[in-house]
Each structure stands twice: as C-alpha cells, then as structure tokens.
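Take a look at the structure below.
Remember, it's a predicted structure, so these values are computed and weren't measured experimentally. Along the sequence shown, residues are numbered consecutively beginning with 1.
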Amino acid sequence: MTFWDQTLTFSEQATLRIGQQLLKDFGTVSAGEKADGSLVTRSDQWADEELRHEILSTFPDHGVLSEEVEHVCPETDWCWVIDPIDGTNNFARGIPIWGISLGLLYQGTPVFGYVYFPPLNQSFWGYWPGDSGLDCPNGAFLNSKPIHTSAAEPSGTQFFSICSRSTGILNSPDPFPCKVRMIGAATYELLIVAAGITLGGVAATPKIWDIAAVWAICHAAGVVWLPLENSSIFPLEPGKNYGRHPFPTLAVSREDLIPVFRPWVERSVQ
C-alpha cells in the first residue's frame, strides 16, 4: 500500500467509525457557546479527541491542528487539520447537513482532503500536489466518482451558496445572477462548487479547519479559489495560532465568473 492509499484508507475508516457514533448523538445533544460565538457540543469534543488520537497512532511523525484543542500550527512537514463537526448548529438542531473534515498539509499547504457527511452518506476527497514537488495523485471524488466544476452560465436555474454573514447579497434591488442557497456548513457550501452543483459560493468567516480539506478537493476539481483578503492563505506559518483567524473566501467554478460574482460578494460580506 502506498502512502497515499494509506492516507485515504485511514480517512475513510476513521471518519466512518466516528460518524456512526455522531449519528447516535445527532439532534439530541445540547450546545454551548465558545468565546468566538460559535457553538460546541460534547460530540465535537469527543470526535476531536478521537481523531487526534487515531492520527497520532497511525502517523506518529505528523502534527495536528484541530478546532477544539490544537490551534497552533506545528513545526512538522506533515500536519493534519481537523474539523470534528463542520455544521455544529445543524448537528445540534437536527438538520442533516454536517460533516467530519480531515485535511493533510505538506509544509503548510493542503495536498489531500477528506470530508464525510454521515447523514447524507457522502464522502468527498481529493489530492492536489500543487507546487509541493510530491509524487502525489491528482483528482477529486464524491463517493468514488470523479467530480469537476460546472461549465454552465449564470442564470435563474443555477445556484450560488451564501453564508449567514453574506446575506447582504439579498438586499440589492438588482436581481442576483443565480438562485441563492444557504446550507449552514462551510465545507459543504464549497464542496458543491467542486461537484458542479453550484457555480460558486462565499464563506465570510471560515477558520482554517473549515477550509484545509476543501482546499485540496476544490483545486483538484477545478475550482477557482479567491481569498477576499487579497493575501495567500497557504502555506501556514509554523508556531502561529490560527484559533481566531478567519479566511473570507469566494469560490467559483471558473475564472471568468470572478468579475460576475466578486462585486456582489465584496458589497455584502459583513
């Protein structure tokens, strides 16, 4: 088994096992509020601990950065970035769109991502070697089937995803170029651009664990990723604390759609 086969097998097995337990807790646990205003449940904390333990047992020379515990980027060539439950609000309130996200970084940049959505029985994964120089596969998949962005033109029959902090898009007197959807899980909102379901999506305040896995999958599927702060997200800096750093992002299915959607997004993101 190659390293990349091991990485995929590990991600599949770990997220499936943990996802089965989370399905038992789904919609039944109470949520508390963290310092940044986001919600957390005991299920988030349990899943975070389980994932960190499994990673360090399987890949002892790899570092880990996670939503619930480890916010400082480690000084290791390889680092896993964990979001134990992306879409905690949905999870706590019984809305079946939430997932477990694992991103693998090499020298600070994602080269592999795996996101499993237990209620939907959907697994997205992808390899993106980029400029790493690694002998790495290249491709994006949904339940083992290759995915790619849409070639469709904006219209009233196409979709664009927004988040709760970009609803200003809806306040304009002019009609938005597509139908708008708000899903409540940053990973899913970006991954459906990769799958060709939507033409684009905006995430106004995602943290590094919301985007590390999706970055690799989206790039492998042909997504054009535009950081709205006009600065590079990756590589991450060893020793830096990423706990409170948001990364506003516009993702579109192809380059020529940036001037179509960017003005709307920049006017509306709160």
Open item on the list: In the structure I gave you, are the side-chain heavy atoms of Gln21 and Lys24 within less than 4.5 Å of one another anywhere?
Closed with: yes

Donor-acceptor contacts under 3.5 Å from residues 103-129 side chains, at least two apart:
residue : atom : partner : partner atom : Å
Tyr114  : OH   : Ser123  : OG           : 3.2
Gln122  : OE1  : Tyr188  : OH           : 2.9

Task: Same cluster (ILVMFWY, side-chain, under 4.5 Å), Trp4 and Leu8 - done: yes

- [ ] Heavy atoms only: give me the nearest Ala185-Ile97 pair and the separation to one decimal.
- [x] CB-O, 3.9 Å

Task: Donor-acceptor under 3.5 Å (Ser232 side chain, Phe234 main chain) - done: no

Open item on the list: Please verify the inter-ring angle class for His219 with Trp215; under 30° counts as parallel, over 60° as perpendicular, anything in between as tilted.
Closed with: tilted

Open item on the list: Do Phe3 and Trp78 make a side-chain contact, defined as non-hydrogen atoms from C-beta onward lying under 4.5 Å apart?
Closed with: yes

Open item on the list: Under a 3.5 Å cutoff, is there a donor and acceptor pairing between the side chains of Thr187 and Asp86?
Closed with: yes

Task: Salt bridge flag under 4.0 Å for residues Arg17 and Glu54 - done: yes

Task: Shared hydrophobic cluster for Ile197 and Leu191 (ILVMFWY, side-chain gaps under 4.5 Å) - done: yes

Task: Glu153 bridged to Arg254 by N-O distance under 4.0 Å - done: yes

TODO: Let me know which of Leu16, Leu102, Ile55, Ile100 forms a side-chain contact (heavy atoms from CB on, under 4.5 Å) with Ser11.
DONE: Leu102

Task: Arg52/Glu68 salt bridge by N-O under 4.0 Å criterion - done: no

Task: Cluster link Trp225 to Ile147, ILVMFWY, side chain under 4.5 Å - done: yes

Open item on the list: Can a side-chain donor-acceptor contact be found between Thr28 and Asp25 if the only test is distance below 3.5 angstrom?
Closed with: no

Task: Verify same cluster id: Ile192, Phe159 (apolar side-chain graph, 4.5 Å) - done: no

- [ ] Classify the ring geometry between Phe176 and Trp264 as parallel (under 30°), tilted (30 to 60°) or perpendicular (over 60°).
- [x] perpendicular

Open item on the list: Quick check: is Val223 connected to Leu257 through a chain of hydrophobic side chains (ILVMFWY, heavy atoms under 4.5 Å apart)?
Closed with: no

TODO: Taking the six-membered ring for Trp and the single ring otherwise, decide whether the centroids of Trp209 and Tyr242 are under 6.0 Å apart.
DONE: no

Task: Heavy-atom pair of closest approach, residues Ile169 and Ile162 - done: CD1-CG2, 3.7 Å

